[in-house]
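Here is the structure we will look at, set down as structure tokens.
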There are 2 protein chains.
Amino acid sequence: MQMTDCAACPLQKRRMFLPFTPEEIAFMRAFKTGEAVVRPGETLLAQGERSERLYTVLEGFATRSIQLEDGRRQVVNFVFPGDFLGLQAGIMGEMRHSVQATTPMRVCIFQRSRLWDLFRDKPDRAYDLTWLAAVEEHFLGETIATLGQRDATERVAWALARIWQRLSALGEITPDGVALPFRQHELADALGLSKVHTSRTVSQLRALGLLVWRRGRLNMPDPARLFALAGLPMEREEQRPLI
Amino acid sequence: MQMTDCAACPLQKRRMFLPFTPEEIAFMRAFKTGEAVVRPGETLLAQGERSERLYTVLEGFATRSIQLEDGRRQVVNFVFPGDFLGLQAGIMGEMRHSVQATTPMRVCIFQRSRLWDLFRDKPDRAYDLTWLAAVEEHFLGETIATLGQRDATERVAWALARIWQRLSALGEITPDGVALPFRQHELADALGLSKVHTSRTVSQLRALGLLVWRRGRLNMPDPARLFALAGLPMEREEQRPLI
DNA sequence: CGACCTGTTGAACCAACTCAATTTAGGTGG
DNA sequence: CCACCTAAATTGAGTTGGTTCAACAGGTCG
């Protein structure tokens, strides 16, 4: 398999990411040790595993999820192009959640053993990594607030608004909306709702004219109203570093 | 006010923290710019604020919470001695949650502007900081799984087990249990339950002989059963770095 | 002592769940 | 192109876990 050169990283074309400096390109080239293709349904990182690899998503979508002892599953969040995976195993030794592809994916591979070099030699890259971790922490906190305080309608609105936001930041938006890579089943698992109730809630939002979601395409006739219901501001997210 | 010298840091006595190397002591001494006392109920960091300060908790307990637009409040997690506060504002610019003291606290103060120096000059300290962020991320994920999947009984068991675990790692445990610095009200806000139902659930656990909780003291007659109900392993947590 | 805060208990209600049946949409092979 | 199969989504009906409202008990403190 041929490996994409970091100088030509396809993610760099998306304006949601900060551009690499020439120095960063040189470093990332050395840091990157490979590339992989993942098929839908495959597990990229498994809960409990001590992975030696870290990944950056080049293309495709996934879920991060936690499996409880008795089989119940919670989707912790959704994974998009540009996301960095495996920091937990990289730093803590063991993954506490799994990452499963929902669409075909392409990922960059890094070696866990080189993570320390990054901290030692490239403080700016280390800072960026911590930046990503801090942003992640913020999202997880928001998720906790959503699961703890909001009702089904608000939860669904929130999740779809967040996904919409991220997809449009990636430039995946067209006049008839975005391609939604997740199923209601995954949405339900992410929101702590049953599939049935998720379906009912979605149709309710549809009936209110707040969304059109058919055959994997999502559109929002009136984003402002949906975002308001979701308790989210409509601002564009700031650019984020890429690792 | 007199300032504790890092060489005599009271947290170092607790065996849950990795001991400082002499070099680390030297660095922390320079990094630390002050100390503060906080009274119960005071807000140490406020949601939306661009704090110039970072803190490490020396003593006392707090909650991190998110306030929704309409006033609903979600406790994201509980804060214990040794916790590092303000990374979000430090890195992302703005706090997305508040930190409120529930008991009197004593905290170390650092300057946000020096955070970058830490990455540039002390990669090992930067690594530790990221380690803390990764652990935090793991806990938040577990919280999401709890709120999304577990019922009231399991949630309460989980929260009390986690608090118990942390307090005993801090060495705060005596033959008649631990001093619990939080009220049922805060527990309810952390678990997404009403106060009333939290109370009922606690009494149910009491009736099962799984816990004794009166006047701010918590004891667990049979920790193994409670931990099993909480879906948690009983292992001791590994030592963590201190910043 | 009164005021306040924390926690407990009862009763009525409702949001979300479960179980089960049905429809819709893709995908595959003849 | 149709027949068939499977996965995803929808709908109905009955149940339940948790909520709300309200009253009350126990401790603590000025």
Side-chain angles (χ1 to χ4, degrees), chain A residues 39-41 61 63 70-75 100-104 146-160 179-208 211-218 229, chain B residues 39-41 61 63 70-75 100-104 146-160 179-208 211-218 229:
Chain A
R39 275 160 307 187
F61 303 89
T63 56
D70 60 358
R72 282 173 289 182
R73 181 178 95 122
Q74 172 71 36
V75 170
Q100 264 191 312
T102 60
T103 68
T146 300
L147 298 194
Q149 302 299 325
R150 301 203 227 252
D151 69 20
T153 313
E154 295 170 311
R155 289 190 213 187
V156 171
W158 172 79
L160 292 177
L180 226 185
F182 308 105
R183 323 237 142 243
Q184 286 192 12
H185 182 277
E186 280 144 345
L187 198 58
D189 282 351
L191 297 176
L193 298 170
S194 67
K195 287 185 285 185
V196 173
H197 197 59
T198 303
S199 165
R200 283 192 232 269
T201 307
V202 168
S203 4
Q204 192 188 322
L205 289 174
R206 247 194 294 256
L208 287 170
L211 50 88
V212 182
W213 178 10
R214 290 173 47 230
R215 297 130 145 287
R217 283 207 80 80
L218 173 69
L229 183 55
Chain B
R39 276 158 307 187
F61 304 89
T63 56
D70 59 359
R72 283 174 288 182
R73 183 179 94 123
Q74 172 71 35
V75 169
Q100 261 191 313
T102 60
T103 68
T146 300
L147 298 193
Q149 302 299 324
R150 301 202 229 252
D151 68 21
T153 314
E154 297 170 308
R155 288 190 214 187
V156 171
W158 173 79
L160 293 177
L180 228 185
F182 308 105
R183 323 241 143 240
Q184 287 192 12
H185 183 282
E186 279 144 346
L187 198 59
D189 282 351
L191 296 174
L193 298 170
S194 68
K195 289 185 284 186
V196 172
H197 198 58
T198 301
S199 165
R200 284 192 232 270
T201 307
V202 167
S203 9
Q204 191 188 322
L205 289 174
R206 248 194 293 258
L208 287 169
L211 52 88
V212 182
W213 178 12
R214 290 174 46 232
R215 298 139 144 287
R217 284 206 81 79
L218 172 69
L229 183 56

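Here is how names work: the chains are called A, B, and so on, in the same order as the sequence lines, proteins then strands, and each is numbered from 1.
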| If you look at every strand shown and take non-hydrogen atoms under 4.0 Å, does A:Arg215 touch a base, only sugar-phosphate, or nothing? |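 Sugar-phosphate, no base atom in range.
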| request: May I ask you to say what B:Arg214 touches in the nucleic acid, namely base, sugar-phosphate or nothing, with a heavy-atom cut-off under 4.0 Å? | output: nothing
Just by distance, do the side chain of [X] and the backbone of [Y] share a donor-acceptor pair under 3.5 Å?
{"X": "A:Gln74", "Y": "A:Ala190", "result": "yes"}
{"X": "B:Arg155", "Y": "B:Arg150", "result": "yes"}
{"X": "B:Thr102", "Y": "B:Phe61", "result": "yes"}

Below 4.5 Å, heavy atoms only, C-beta onward: do [X] and [Y] meet side chain to side chain?
{"X": "A:Trp213", "Y": "A:Leu160", "answer": "yes"}
{"X": "B:Leu205", "Y": "B:Leu229", "answer": "yes"}
{"X": "A:Thr63", "Y": "A:Phe182", "answer": "yes"}
{"X": "B:Val202", "Y": "B:Leu211", "answer": "yes"}

How long is the line joining [atom1] of [X] and [atom2] of [N], in whole Å?
{"X": "A:Leu205", "N": "D:dA9", "atom1": "CG", "atom2": "P", "answer": "15 Å"}
{"X": "B:Phe182", "N": "C:dG7", "atom1": "CZ", "atom2": "C1'", "answer": "18 Å"}
{"X": "A:Arg183", "N": "C:dA25", "atom1": "CZ", "atom2": "C1'", "answer": "10 Å"}
{"X": "B:Gln184", "N": "D:dG26", "atom1": "CD", "atom2": "C1'", "answer": "14 Å"}
{"X": "B:His185", "N": "C:dC4", "atom1": "NE2", "atom2": "C1'", "answer": "15 Å"}
{"X": "A:Arg217", "N": "C:dA25", "atom1": "CZ", "atom2": "C1'", "answer": "17 Å"}
{"X": "B:Arg206", "N": "C:dT9", "atom1": "CZ", "atom2": "C1'", "answer": "13 Å"}

| field | Interface with DNA chain D, restricted to residues 186-197 of chain B and to heavy atoms under 4.0 Å | value | B:Gly192, B:Leu193, B:Ser194, B:Val196, B:His197
| message | Please give me every residue in residues 147-154 of chain B whose heavy atoms get under 4.0 Å of an atom in DNA chain D, ordered by residue number. | response | B:Asp151, B:Ala152
| Pairwise 5' ranking along DNA chain C for A:Arg155 and B:Trp213, keeping only the more 5' one | B:Trp213
| said: Whether the side chain of B:Arg200 and the base of C:dG10 hold a donor-acceptor pair under 3.5 Å is what I'd like checked. | reply: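 Yes, a donor-acceptor pair under 3.5 Å.
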| remark: Test side chain to side chain donor-acceptor pair (under 3.5 Å), reference A:Asp189, set A:Lys195, A:Arg72, A:Arg73, output is A:Arg73
| query | If you look at every heavy atom in B:Ala179 and B:Pro181, which pair is closest and at what distance? | reply |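 In this case the closest contact between B:Ala179 and B:Pro181 is O-CD, 3.2 Å.
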